[in-house]
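Presented below is the structure to which this report refers.
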Protein chains: 2
Amino acid sequence: MVDFSSFKTEAGMPIYLQILYFIERGAVAGTIADGDELPSRRVLSALLGINPNTVQKAFRLLEEEGLIESRSGAKSFMTLNADKISQLRVSLLTADIRGLTGALKRTGIDKAEALRLIDAFWDEEAGDEEV
Amino acid sequence: MVDFSSFKTEAGMPIYLQILYFIERGAVAGTIADGDELPSRRVLSALLGINPNTVQKAFRLLEEEGLIESRSGAKSFMTLNADKISQLRVSLLTADIRGLTGALKRTGIDKAEALRLIDAFWDEEAGDEEV
DNA sequence: TCAACCGTATTATATGAGTAATACAGTCGC
DNA sequence: GCGACTGTATTACTCATATAATACGGTTGA
């Protein structure tokens with residue numbers, strides 16, 4: 001069963017996308033594996049305190065993406081393979097890195113300082129680093 | 001005059017926020033300086049192909065933040081000083097770095113690989129790096 | 001002075017995100 | 001079989017974003 005205990009909704013991004021990315025990143029990280037059972041729309045929505053339709057929207061997109069399989073009346077399961085994971089890994093990391101480097105460049109930071117900041121912040125959770 | 005020639009709207013974020021961040025990052029980077037004149041709401045909206053009200057929303061927030069000064073009937077100007085810029089720099093960079101490290105960790109990447117990716121992607125614009 | 005700007009405000013409309021309530025048919029284990 | 005679950009679908013509502021069309025009064029420069 002796919003574990004949602006570490007999932008927390010945040011402001012600023014649609015919840016259905018947060019669910020989508022949570023599944024995608026879990027698949028790439030290996031914490032979610034092929035064949036894993038997904039909680040039902042109703043159960044997950046109750047667990048997260050959101051509407052079943054919001055969960056359904058995320059699951060529908062994941063099914064269109066070929067990452068999960070749903071049959072009317074039955075439970076839903078992850079359908080992963082090495083190719084899908086590899087492809088997903090590239091697209092997620094590329095978007096992450098490109099987004100950050102673009103933002104940092106617009107803020108006038110050079111590469112050396114960027115690397116220093118990543119290095120300093122990596123192990124922190126809620127520290128007050130000197131920027 | 002604040003230069004918006006490099007500004008392009010993107011999907012996924014409210015346009016008024018994109019304008020807000022563009023000004024903020026320009027102020028931190030030094031490409032926008034204290035006393036710089038801002039284009040009028042009407043002129044900028046025509047230039048960007050968006051609605052004047054969307055520009056006004058961004059400028060209103062910037063004024064509440066104390067980064068610009070507007071007088072009814074007259075033009076608007078940047079009002080920056082070292083303290084404001086320093087404060088802005090910390091908040092922007094902190095949000096950037098925290099966002100990225102969180103995403104990469106959820107994708108199962110370790111620090112060494114993260115630093116390698118940033119280093120490899122920094123000088124690229126639209127390349128096809130091996131991830 | 002006065003026309004051409006400027007900032008500001010108001011009202012209306014369209015769209016997408018998210019919630020809410022409900023309904024229907026398929027699957028599964030007892 | 002049958003009840004409890006499942007996925008799926010529909011309609012309606014709220015809210016934020018963005019657009020659109022105006023309108024008002026202040027500022028500026030020829």
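Convention: sequence-line order gives letters A, B, ...; per-chain numbering from 1.
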Could you walk me through whether A:K111 and B:D123 pass the side chain to side chain contact (heavy atoms under 4.5 Å, CB included) test, one step at a time? CA-CA 9 Å; A:K111 181 159 81 173; B:D123 305 306; 3.3 Å; yes

Worked check of side chain to side chain contact (heavy atoms under 4.5 Å, CB included) between A:L117 and A:L104: CA-CA 11 Å; A:L117 286 172; A:L104 292 185; 5.5 Å; no

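Annotation: salt bridge (charged side-chain N to carboxylate O under 4.0 Å, His left out) contacts of B:K84 (sequence neighbours excluded): none. For A:D34, there are no salt bridge (charged side-chain N to carboxylate O under 4.0 Å, His left out) partners, not counting sequence neighbours. With sequence neighbours left out, the side chain to side chain donor-acceptor pair (under 3.5 Å) criterion links B:E64 to B:R60. Contacts of A:K75 classified as salt bridge (charged side-chain N to carboxylate O under 4.0 Å, His left out), with partners at least two apart in sequence or in another chain: A:E37.
Residues B:L44 and B:L47 form a side-chain contact, since some pair of their non-hydrogen atoms from C-beta on lies under 4.5 Å apart. In this structure, the side chains of A:V28 and B:I109 stay at 4.5 Å or more apart for every pair of heavy atoms. For the pair B:L38/B:L62, no side-chain contact is recorded, criterion being any heavy-atom separation below 4.5 Å from C-beta on. Inter-residue side-chain proximity for B:T54 and B:L48 is flagged as unmet; no heavy-atom pair is nearer than 4.5 Å.
Atoms CD1 and CG, from A:I68 and A:L80 in turn, are 10.5 Å apart once rounded to the nearest 0.5 Å. Remark: A:R41 CZ to A:N53 CG distance equals 11.0 Å, nearest 0.5 Å. For the atom pair B:R106 CZ and A:F22 CZ, the distance stands at 9.0 Å (nearest 0.5 Å). With values rounded to the nearest 0.5 angstrom, B:I23 atom CD1 is found 12.0 Å from B:L61 atom CG. In this structure, OH on A:Y16 lies 14.5 Å from CG on A:N51, to the nearest 0.5 angstrom.
A 6.0 Å sphere centred on CD of A:E65 holds more than 12 heavy atoms belonging to other residues, nucleotides or ligands.
Overall bending of the helix from C:dT1-D:dA30 to C:dC30-D:dG1, expressed as the angle between end axes built from five pairs apiece, is 20° (10° steps).
Here chain A contacts DNA chain C (any atom closer than 4.0 Å to a heavy atom, that is under 4.0 Å), and the contacts span C:dA17 to C:dC28 from 5' to 3'. Protein chain B contacts DNA chain D over a range whose 5' and 3' limits, counting nucleotides with an atom under 4.0 angstrom from a non-hydrogen atom, are D:dT17 to D:dT28.
Only B:N53, B:T54, B:K57, listed by number, bring a heavy atom of residues 52-63 of chain B to less than 4.0 angstrom from any atom of DNA chain D. Near-neighbour residues of DNA chain C inside residues 11-27 of chain B, defined by a heavy atom below 4.0 Å, are absent. Heavy-atom distances under 4.0 Å link DNA chain D to A:R41, A:R42, A:V43 of residues 41-48 of chain A, given in residue order. Near-neighbour residues of DNA chain C inside residues 68-76 of chain A, defined by a heavy atom below 4.0 Å, number-ordered: A:R71, A:S72, A:G73, A:A74.
Across B:R25 and A:A103, no two heavy atoms sit closer than the pair NH1-O, 3.4 Å. Of all the heavy atoms in A:V43 and A:S40, the pair that sits closest is N-OG, 3.1 Å. Nearest heavy-atom pair, A:K105 versus B:E124, reported as atom, atom and distance to 0.1 Å: NZ-O, 4.1 Å.
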Contacts under 3.5 angstrom, residues 4-13 of chain B side chains, donor-acceptor by atom type, not counting sequence neighbours:
residue	atom	partner	partner atom	Å
B:S5	OG	B:D3	OD1	2.9
B:S5	OG	B:D3	OD2	2.9

